[in-house]
Protein chains: 2
Amino acid sequence: MATKIDETAARARAPLTRERILRAAVAMADEGGIEALSMRRLAQELDVVPMALYRHVANKEDLLDGIVDLVVGEVDPPETGTDWKAAIRRRVLSAREMLLRHPWAVRAIESRTDPTPALIGYFDEMIGVFRSGGFSMDLTHHAMHAMGSRLLGFSQELFEDTPAPDAAVDAEMYRVIAERYPNIGELIETVMHDDASVVGGRGCDDRFEFEFALDLMLDGLERLRDRA
Amino acid sequence: MATKIDETAARARAPLTRERILRAAVAMADEGGIEALSMRRLAQELDVVPMALYRHVANKEDLLDGIVDLVVGEVDPPETGTDWKAAIRRRVLSAREMLLRHPWAVRAIESRTDPTPALIGYFDEMIGVFRSGGFSMDLTHHAMHAMGSRLLGFSQELFEDTPAPDAAVDAEMYRVIAERYPNIGELIETVMHDDASVVGGRGCDDRFEFEFALDLMLDGLERLRDRA
DNA sequence: ACCTGAACACCGTTCAAGT
DNA sequence: ACCTGAACACCGTTCAAGT
């Protein structure tokens, strides 16, 4: 009887739309990572036969394009009426928050071969802010590239989610690391020490580090603009 | 008879080793992208039954760890005896060249949940260069984070491989883009114009843009070091 | 003890057979 | 015309049966 009601509810559910599919896909990726998102599991989640998805989505690539656009759309539009620096700063931090909400998004975006509409719009608006901040088109161009590049090549969030299940195991691990990688050992020691005051403080203050990099870049760009 | 010789040659081939498997995997990813790399295709390429790979590799994750370490190992070690700025600069450019040789590497590295040994070593050496350049441990820490972050959130190589098969199609596409995205339109126009002298010049000089960002960051870091 | 074929539990997508 | 079950060509990996 409960089953009967459930079935009725399922059948009465809103009809399948692209929107509904994309939202379910985002939820699925949020929950289990991008590799947990499959057409078949998605169909199951929506109480629908796998092939039904293909009426609203050309294929899986199209689905990925769709969810990328959905989450990029979550980034706040740039504020108008503030100076360029504050506007860029706010927007970049808003983008960062979106990426924290959807940890799979970076890789999903990087896997797109063609830029999606929302992505293009995002860049367009960003360029606009630089321009109205008095940047030449040339400098704006360089600025956009600079803001997008990862200078170490690899993301360095490598040590962020090292779990600390046991202080003793942790200490032993630290000893091993420090022996083989003296510079990292010293760095960890410094960060740990500075961090002693913070409650449960281990590792880095990611938000602080991100803003450090952001301000370094923005200050550098400002200097270049004023020099010209 | 040719078949007979081929079979003999195949059987006489070097025995399966982890090294040989990893090298073949890198070659396969180089050729067809990371999604073309499968255990089964790899085994086929090595004239071996799929299960034979599992003697040298725990599973596919282990294989990916392995090829990440292999390509990270291709990055030149930091020079000693030069100043910190030149050493960092050279090494980052060396890393960039590796990433251009292996376009799949960025995503592969980002998909690793735990840092691999070569990755840890890379960071350790980089930290060492900053330290011997007179950077405090604190500033070194921030510098490492700054060099690793992507401030636009998304990589911006989005427009780089727009093909130019037909000038007329290109012009039409440009008109459409410029109408909808005025700032990108203006940027493209500027870049195209500046680029007129370059032979076949379309799009950005990626190397220049990368060095622009790198120098912006390094100059900013130097200023911070000297201030302290 | 080592090796490996078959099998399992998945994929994305095609296509022909149903309504 | 629309929908969908079965099928196809793949995956990574387990496991039991072979040597």
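Below, read A as the first sequence line, B as the second, and so on, with proteins coming before strands; counting in each chain starts at 1.
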Without decimals, in angstroms, what is the distance between [X] [atom1] and [N] [atom2]?
X: B:E35; N: C:dC11; atom1: CD; atom2: P; result: 19 Å
X: A:L37; N: C:dC11; atom1: CG; atom2: C1'; result: 12 Å
X: A:L16; N: D:dC2; atom1: CG; atom2: C1'; result: 14 Å
X: B:R41; N: D:dG12; atom1: CZ; atom2: P; result: 10 Å
X: A:D47; N: D:dT4; atom1: CG; atom2: C1'; result: 16 Å

What is the pairing partner of C:dA1, taking Watson-Crick or G-U wobble pairs with both distances under 3.5 Å in any strand?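 Its partner is D:dT19.
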
For C:dA6, which nucleotide is its Watson-Crick or G-U wobble mate, given both distances must be under 3.5 Å?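 Here C:dA6 is engaged in a pair, and the nucleotide opposite it is D:dT14.
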
Considering only nitrogen or oxygen atoms on both sides, find all protein atoms under 3.5 Å from nucleotides 13-16 of chain D and state each distance.
residue: D:dT13; atom: OP2; partner: B:Y54; partner atom: OH; Å: 2.8
residue: D:dT13; atom: OP2; partner: B:K60; partner atom: N; Å: 2.9

Please state the P separation for the pair C:dG18 and D:dC8 - nearest whole angstrom.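 It works out to 16 Å between them.
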
Determine, for A:E110 against A:R107, whether the closest basic-nitrogen to carboxylate-oxygen distance falls under 4.0 angstrom.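 No, A:E110 and A:R107 are not salt-bridged.
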
Under 30°, 30 to 60°, or over 60°: which ring-plane class applies to A:F212 and B:H142, parallel, tilted or perpendicular?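 Tilted: the ring planes of A:F212 and B:H142 meet at 30° to 60°.
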
Chi angles and distances behind the side chain to side chain contact (heavy atoms under 4.5 Å, CB included) call for B:H145, A:D206: CA-CA 9 Å; B:H145 275 277; A:D206 287 334; 4.2 Å; yes

Taking the side chain from A:T190 and the backbone from B:M137, do they hold a donor-acceptor pair closer than 3.5 Å?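 It does not hold such a pair.
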
So does B:V71 get a backbone contact from the side chain of B:H102, meaning a donor-acceptor N/O pair under 3.5 Å?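 No.
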
Picking from D:dG12, D:dC3, C:dC11, which would you name as closest to the side chain of A:S38?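 Closest nucleotide to the A:S38 side chain: C:dC11.
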
How about A:T116 and A:D65: does a side-chain donor come under 3.5 Å of a side-chain acceptor?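 Note: A:T116 and A:D65 side chains miss the donor-acceptor criterion.
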
